[in-house]
Each structure stands twice: as C-alpha cells, then as structure tokens.
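Bear in mind that the values here come from a model prediction, so they are computed numbers and not experimental data.
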Amino acid sequence: PRLGPMARCLSRGRGRAGVVPPARAATDSVAAREASLRRLQRVAQTHAAQTQSWPEVRRELIDTLLHLRVLSLDVVETIEQWRSGGRQGAVWPDPHTGENYLLKMKDDTRWLAESPLGEILRFSSKSDPFFVVPSTGDAPQTPTNQMTPTLQAQRRNLRSAGGGSDQRRAVLPLQNSLLRRIRAAELSILKESVQARMQGAGGHWAVDAPLGSAAATPAGLAAPPSVDVAAAAAAAYSQQRPLVPSVPPSPVPPSLPGPSAQEPLPASVVAETPTDAAAILPKADGIVLAPPKQRPPPPKDPDTGAFVLHPVAATIADIGEVFKRYVARVDPKIARSMETQESLLEALEDEGTGAPEWFWLVRREGQASAVPCPMSADGLAVYRLKRMSTTIGQLLHLSVVDGSWVEDAIDAVKARMFAWLPIRSIRATLWFNDVDGEFALNKDFEACFKKKRFRWFQLTNSKGIRGQVMNSPRQEPPEDPAAPAEEF
C-alpha cells in the first residue's frame, strides 16, 4: 500500500562495518527532504491546475506528507548526531541559501495553510514542520447524541448513492511510535530558535560557539549571565506560545545603584568618549563604557538602468485617487496581475518598518525636471519590508504605461530594493485574472519576471482568487547590490 514504510532505495554505499559517517548521513537526509518538498510543490501545482481528481490528489498528498514527516525527523536526528561529535552549537547550512537548516524547517511548509491543499487537509498557519495539526482529528470524539452515528451513516449512504465524491477534509494518520521522536525534534528546533534569537539580540557571540563559552565571548567583555536554552525551549513547548527570548541585563554593582529615568548618571560614570572607535575602556567600579556606534552612510541609488525612482508625493487620504488616475493609463492585463487598489490601501495601515513605499518610475533617457505625477509618470512600484523566518522584500505592485518596458522596470526596482533593504530575496505575487476571456495568469507578464531570475515559489489564495508567488534570491555583487546595514 502507498501508506507503508518508506523504501530505502538508491542509497549511497555504506562505510566500513555498515556505519555511515554523521556528516554524510545529515547530507543525505537533507537532500532527501528537499526532494520531498519539491514533490509536495508538484502536488500543489497539480491540484491548482485541476488535472487530477480530488481522491487522487488527496491520496498523493497524504503519501507525500507521511514521507516528508519521517524525512524531517531524520534530518533533525542526524544533525544532532553530527553535533554530538564535538560540534555543539555548530550550524548545518541550507544547501541553497546557506541559512541554518533547522531554522528553515520551522517555516518552509507554512505556505500550505494558504495553498489550495488546505481544502484537503487542515494545516496550521504557524510553525508545524511535522504536520501534527493535520493529524489532530485522527480520533473522532464520542457523540453526545446516541442517534448521531445512525444519522452520519445515513448521510454517507445518501452521498454514495448520489454518486458524488467525498470532498470533506481528510485526516493525516499519525503513528503513536513517532510521538516521542516528534516531541524531541520539536524541542531541538525550538532550542535552535532560542539560541539564534539570543545571539541576534546580543550581537556579541560567535555563530558556532555555545552561549557563555570562552569562544563566544569577545576579549575584554564578561560573559553574559548564563541562560538555560534547553529549559526555555521546554517551557515554551509546554505553554504552546511564540518564544521571544531576551538576554538578561547585566546586574548593577551594589556600590552604584541604577539611576532612575529622572536622575542623571553619577559623575563617576561619565567619561570622555575615546577617539578610537574600536576601544572599550574599563571604568571604575566595574562599569564598562563603549564609544557610540557610528551610523553607516546611507546606500546609494543605482546610477544605471532605464528608470529613475522618485518618491510619490501624496498623502494617505488622497493616494487612492492618485493611484486611480495613474492606473487608467496602464494595460488592464498588467494592472490586474498585481495587488488591487484595495489591498494597497489596506497595506498603508502598517506604519512600522513594514510600511509600504511608493515610487514613480521615470525613464532616464527622457526624464523632465518637473516632479512626476499620475499623468506623466512612466510607471509605479510599491514594495515593503517583511520579516518572517527570513527577511524579504515584498513587491506589491509594479506597472508601466508601455508593456515593452516591464523588464527594465523589474531591473530598476530590484536594484533599489536590494540596495536599500537588508533582505535575502524579493517576492511578488502574480494573480490569476481575465486574460483574453480565460481566467489565467498573464503569461507575457510572468515571462518578464522569469527572465529577471524570479522563480515559482508557491501558490496562494486570497478572497477566492488564486495567485502565484515568484521569488528572486539575492545574488552576490555585482549581480545585485551589496546588502545595506540593518539601520536601513
């Protein structure tokens, strides 16, 4: 049967005495899991294209998820075994992006909750790398009404007599023998997440060194108070809540009580700022003062390319009318392929670091001295910073008044986003719409993105409309601009 144990075929040759080196075992496990993820994406594409019946897709989906669950457990266990050989705290990199693979596992299947496959199984919108949520309905509740089983049987008989296919949400089987492994693997990933957040918050520890170790502490600075990462992860696991750890503040010496918000610092603590920016000078009573960190210079706009980007001079109150006047000049097939005006206005409610940025696109060869406006601009771009498991740039809207300029516009906007945003990739959602009387993607528009290194990432649904998310990872200079400092 399809739901049986996974076949161990096409494996690499074993080492001496049948033992596989830990590094090789981890490499093979990651490669097998990546292949299973690609299979899952093919299942999603098949379901979106409706080329297979519901029962066939459901059977293939369940088989894929069961194999992916076991492969994910193998990855965590082989990486932990590799670390046990004197590599505590070492990071196993993702073969494609170089990021911590255990952290990648937290979120690389989260897209299932918004995909069409959510019609078949109930997926969690939060981190669920081992698909526990789709298995929660495995044991049906005892009915409180003794007639309920009879009524349910009659309903099933009527459905089968009518010839209709059963399109209720399925339940992913979960073997009891895997529960202990799943719990241990989830704790390992949570521990990895806690340690990564602490290292990112403190900024003083090496990536591959354990917290509080000598290798992780710069010379001249005392190690931070010890933090039991495993205990924090276990507590978070038991409470089922997001974990946002922080490094505890260093205790203030008893001889110098901490100043209140209204009181100035004691005179013994105030000192001149050293002229050497790298110096860290010890002061009396154990107080350590460091010079203020110099703010890096702002990034420079690319001086090449066919377009120049100018900020849109408009208020939130009138931006809707500005967009309406501009988009009337754009090919409807291009305008409908990106986010709608309603979605763009909803995004303006975010006034933090993820607030959208609006730019007019003006052809460099014929740009005038006047400020561009809806009736003179050659194009429009709207993007924002989005922080998830990794930081990305989300391209919400990109359009030009001449369809032959699309590729040049993509080049200009990509260069601007990679130069100014500390992002790993750029993602854009192309929406299905009415193209020549058929509900489909604008293939010409999609082809322009593909020529500019955008690749299929996942499918999504919003308000009953299907979309295709395209992703373009950052490349090393000079292919893409160097990443800016975090301040920008």
Side-chain angles (χ1 to χ4, degrees), residues 38 41 45 96-98 111 299-310 326-327 330-339 344 356-367 377-386 388 390-433 435 440-460 466-484:
R38 292 192 292 271
Q41 292 177 347
Q45 290 176 325
H96 304 293
T97 64
W111 58 272
K300 295 182 179 179
D301 288 327
D303 55 1
T304 59
F307 284 96
V308 179
L309 276 67
H310 296 270
Y326 159 77
V327 82
V330 178
D331 183 351
K333 291 190 293 186
I334 294 180
R336 290 196 297 262
S337 296
M338 302 297 288
E339 298 291 342
L344 294 175
E357 301 181 52
W358 294 57
F359 291 92
W360 294 123
L361 303 181
V362 179
R363 296 285 293 181
R364 189 182 298 272
E365 60 187 18
Q367 65 171 327
D378 298 315
L380 175 67
V382 183
Y383 62 77
R384 65 180 175 183
L385 183 73
K386 193 167 184 179
M388 303 186 297
T390 184
T391 305
I392 66 168
Q394 187 179 23
L395 182 57
L396 300 173
H397 180 89
L398 177 65
S399 61
V400 285
V401 297
D402 187 332
S404 63
W405 298 343
V406 173
E407 294 182 27
D408 291 339
I410 295 175
D411 280 334
V413 175
K414 279 183 61 178
R416 168 79 188 197
M417 294 178 68
F418 279 134
W420 281 83
L421 302 180
I423 54 178
R424 299 289 296 272
S425 65
I426 298 174
R427 294 179 190 172
T429 301
L430 307 183
W431 296 99
F432 285 64
N433 62 89
V435 180
L441 280 180
N442 184 345
K443 292 299 182 180
D444 294 336
F445 197 53
E446 179 192 22
C448 294
F449 277 85
K450 288 183 176 179
K451 289 181 181 178
K452 299 305 176 181
R453 296 199 331 267
F454 278 86
R455 296 295 180 263
W456 185 94
F457 182 74
Q458 69 182 48
L459 296 174
T460 185
R466 183 161 294 169
Q468 177 174 298
V469 182
M470 307 291 288
N471 184 66
S472 178
R474 179 190 290 273
Q475 303 295 320
E476 294 295 329
E479 188 72 19
D480 288 323

Undergrad: For Tyr326, enumerate each residue passing the ring-ring contact (aromatic ring centres under 6.0 Å, His included) test, keeping only those at least two apart in sequence or located in another chain.
TA: Trp360

Undergrad: Backbone N or O of Thr97 within a donor-acceptor pair of the Arg424 side chain at under 3.5 Å?
TA: yes

Undergrad: Parallel, tilted or perpendicular: which one describes the rings of Trp111 and Trp456, with boundaries at 30° and 60°?
TA: perpendicular

Undergrad: Check whether any side-chain heavy atom of Thr391 lies under 4.5 Å from a side-chain heavy atom of Leu385, and answer yes or no.
TA: yes

Undergrad: How many angstroms lie between CZ in Phe454 and OG in Ser425, if you round to the nearest 0.5 Å?
TA: 9.0 Å

Undergrad: Indicate yes or no: at least one non-hydrogen side-chain atom of Glu446 is less than 4.5 angstrom from one of Gln468.
TA: yes

Undergrad: Sequence neighbours left out, what passes salt bridge (charged side-chain N to carboxylate O under 4.0 Å, His left out) with Lys333? Give chain and number order.
TA: none

Undergrad: Phe307 ring centre to Arg363 NZ or CZ under 6.0 Å, with the angle to the axis within 45°?
TA: yes

Undergrad: Determine, stepwise, if the pair Leu395 / Phe449 fulfils side-chain contact (heavy atoms from CB on, under 4.5 Å).
TA: CA-CA 12 Å; Leu395 182 57; Phe449 277 85; 4.2 Å; yes

Undergrad: Give, for atom CZ of Arg364 and atom CG of Asp408, the distance between the pair rounded to the nearest 0.5 Å.
TA: 11.0 Å

Undergrad: Would you tell me whether Arg455 and Asn471 have side-chain atoms, one donor and one acceptor, within less than 3.5 Å of each other?
TA: no

Undergrad: Measure the shortest side-chain to side-chain distance between Trp358 and Leu309 over non-hydrogen atoms and say whether it is less than 4.5 angstrom.
TA: no

Undergrad: What's the spacing between Glu479 CD and Arg453 CZ if we round to 0.5 Å?
TA: 4.5 Å

Undergrad: From Met417 CE over to Ile423 CD1, what is the distance, rounded to the nearest 0.5 angstrom?
TA: 4.5 Å

Undergrad: Can you tell me how far the CG atom of Leu430 sits from the CD1 atom of Ile334, to the nearest 0.5 Å?
TA: 11.5 Å

Undergrad: Do Leu361 and Val413 come within less than 4.5 Å of each other through their side chains, counting heavy atoms only?
TA: yes

Undergrad: What distance do Arg474 atom CZ and Lys414 atom NZ have between them, rounded to the nearest 0.5 Å?
TA: 10.5 Å

Undergrad: Quick check: do Val327 and Met338 have side-chain heavy atoms less than 4.5 Å from each other?
TA: no

Undergrad: Would Phe418 and Gln475 satisfy side-chain contact (heavy atoms from CB on, under 4.5 Å), going step by step from the backbone distance to the final call?
TA: CA-CA 10 Å; Phe418 279 134; Gln475 303 295 320; over 6 Å; no

